[in-house]
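All ligand and atom numbering here is 1-based and tracks the order in the structure.
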Amino acid sequence: MKPKRTIDSSWDFRGVNTKEYTHCYHNYPAMMIPQIARRLIIETNVKKNSILFDPYCGSGTSLVEAQIYGIDSIGTDLNPLARLISQTKNTHYDIEVVKHFVTVLKDKCLAFDVTANNEIDFYNNIESTSLFEENFSKYIPKFYNREYWFNSDVLNALGFLKYLIENTMSDAIQSFFLVPLSEVARECSYTRNSEFKLFRIQEEKLHSFKPDVFKKYFQKLERNLSGLKSFNERCESHNNLATVFEFNTCDGIDPTIIPVSSIDLVVTSPPYGDSRTTVAYGQFSMLSSNVIGFENANKVDKSLMGGNIVSHSLNDTPISCKDELEQIYTLSEKRFNEVASFLSDYKKSISNVAKVLKKGAKACYVLGNRTVKGIQIPLDYVTVEFFNEHGFSHIDTIVRNIPNKRMPKANSPTNIVGQVSETMNKEYIVIMQKQ
Ligand SMILES: C[S@@+](CC[C@H](N)C(=O)[O-])C[C@H]1O[C@@H](n2cnc3c(N)ncnc32)[C@H](O)[C@@H]1O
């Protein structure tokens, strides 16, 4: 018998503000709606000494909601940009210190001429122009094909901001200033901002594209500062910790980080498939990761679930999507192996996550059922099957419409331009409980 699904529009959260508190900081692909994490935490009614775990924490939505509720949390993500965003969103920086450095940066940027590539009136700590240029030039992002993605004025401005962040303030506060730098880097690059994947804007538009990097940067800083203020106020009465790690649950979970049977609640939204053919987390992050200076920025997608495609047999696929996989196999063995590789990683991840949950604890997976070659893969059923194998029972699968989530609603599964199909307008909240 198939696991039950409950259609419940009260989970749509139509028209709500999804950018409260630090949720306003930085866009990220396939972000979870904070209201979903909030409601799952509240309805689970976990005690105040509980720990929430998010094995694919992305920009850290469920960790922020754990803090707001008043419990500790742990997240992991293999994308360094996701870790920067989620750790920053969960840090209670001192407002006065932040305000001070906003003013310092504003003053210095006012005195900087982006096109001339030097400063007009800013040599207080710098002895000579040549020394300044030597110092500053180190911070202009250098990576393969950078001129293809950025004009030189933008690169100078981004480099100058990076130079200021690294040379005017302590390490402890730099992340607050790096997060808007990352967002601005993407917005001021030649990539089309409406897409997660990297696609350059049309050739004829390149010359007229002259974004004001500093203006955009300070607008974002001010927005984030106001988010931080309300987050600090909201969490004033409790002092909870959110810690973000870089480990892959497909490979196991280090018991010194998360001991077996120590987690009270999982609230997460896993990827729906490999990054190359679903949501390109690595491509979305690549330009800003290069500007910030993360190593291996170009290799993220390959490291994520399903990134390593290997040959699979039809005999060892999940029972809950056997028919679908057989149909895909007959249409394309290559696509079948992509899906099967992702599912095999997902199975390993769930088996490791299952171990760290306490008896009676709930695992809430918010996910989408993607379409491959026109065939929908019921990832919600697969999730139930994988957890069942570890002694979990299925509580419910809530089906909601996605009014807010920034997702490609229509894609081109055939890769034929103009031929699109509706995908993932619904989200499935799978709730499992360890027996
Ligand atoms: C749907 S997003 C999570 C979004 C997040 N809930 C939010 O609100 O921002 C899925 C995340 O899983 C991460 N991911 C994919 N494979 C992973 C793996 N094997 N281990 C850890 N993270 C992984 C991706 O980098 C991505 O950030």
Counting from 1, what ligand 1 atoms have a heavy atom of Asn248 closer than 4.0 Å?
-> 18 (C), 19 (N), 20 (N)

Exercise: do Lys426 and Asn401 side chains pair donor with acceptor under 3.5 Å = yes

Let me see the working for Tyr281 and Phe196 under ring pair (Phe, Tyr, Trp, His ring centres under 6.0 Å), right down to the final yes or no.
-> CA-CA 7 Å; Tyr281 300 100; Phe196 294 140; 8.1 Å; no

Taking the six-membered ring of Tyr148, is NZ or CZ of Arg200 closer than 6.0 Å to its centre and within 45° of its axis?
-> yes

Quick check: does Ser303 get an N/O under 3.5 Å from an N/O on ligand 1?
-> no

One finds that the ligand 1 atoms under 4.0 Å from a non-hydrogen atom of Tyr28 are 9 (O), 25 (O), 26 (C), 27 (O)

Short list, please: which atoms of ligand 1 are under 4.0 Å from a heavy atom of Asn79?
-> 25 (O)

Does any N/O atom on Ala30 come nearer than 3.5 Å to any N/O atom on ligand 1?
-> no

Please confirm whether Arg5 makes a cation-pi placement over Tyr381, using NZ or CZ under 6.0 Å from the six-membered ring centre and within 45° of the ring normal.
-> yes

Polar proximity ligand 1 side, Thr61 side, N/O cut 3.5 Å exclusive = yes

Check ion pair Lys4-Asp396 (N to O, under 4.0 angstrom) | yes

Going through the distances and angles, do His312 and Phe336 end up as a ring pair (Phe, Tyr, Trp, His ring centres under 6.0 Å)?
-> CA-CA 8 Å; His312 281 266; Phe336 163 79; 7.2 Å; no

With atoms numbered from 1 as shown, which atoms in ligand 1 lie under 4.0 angstrom from a non-hydrogen atom of Ser59?
-> 7 (C), 8 (O), 9 (O)

Does the N or O separation between Met32 and ligand 1 drop below 3.5 Å for any pair?
-> yes

Side chain, backbone, both or neither: Pro55 near ligand 1, heavy atoms under 4.0 Å = backbone

Ligand 1 versus Tyr56: contacting region, heavy-atom distance under 4.0 Å = both

Quick note on ligand 1: atoms under 4.0 Å from a heavy atom of Leu78 include exactly 18 (C), 19 (N), 20 (N), 21 (C), 22 (N)

Short list, please: which atoms of ligand 1 are under 4.0 Å from a heavy atom of Ser269?
-> 1 (C), 2 (S), 3 (C), 4 (C), 5 (C), 6 (N), 10 (C)

Charged tip of Lys229 within 45° of Tyr21 ring normal and under 6.0 Å = no

Is the shortest N/O to N/O distance between Asp54 and ligand 1 below 3.5 Å?
-> no

Taking side chain as C-beta onward, heavy atoms only, is Glu389 less than 4.5 Å from Glu385?
-> yes

Return yes or no for this condition: an N or O of Thr249 is under 3.5 Å from an N or O of ligand 1.
-> no

Between Cys57 and ligand 1, which part of the residue brings a heavy atom under 4.0 Å of the ligand: side chain, backbone, both or neither?
-> backbone

For the pair Glu324 and Lys373, find out whether any cationic side-chain nitrogen is under 4.0 Å from an anionic carboxylate oxygen.
-> no

Judged by heavy atoms only, the candidate from Phe284, Tyr346, Tyr281 nearest atom 1 (C) of ligand 1 is Tyr281

Kindly compute the distance separating CG (Leu367) from OH (Tyr428), expressed to the nearest 0.5 Å.
-> 9.0 Å

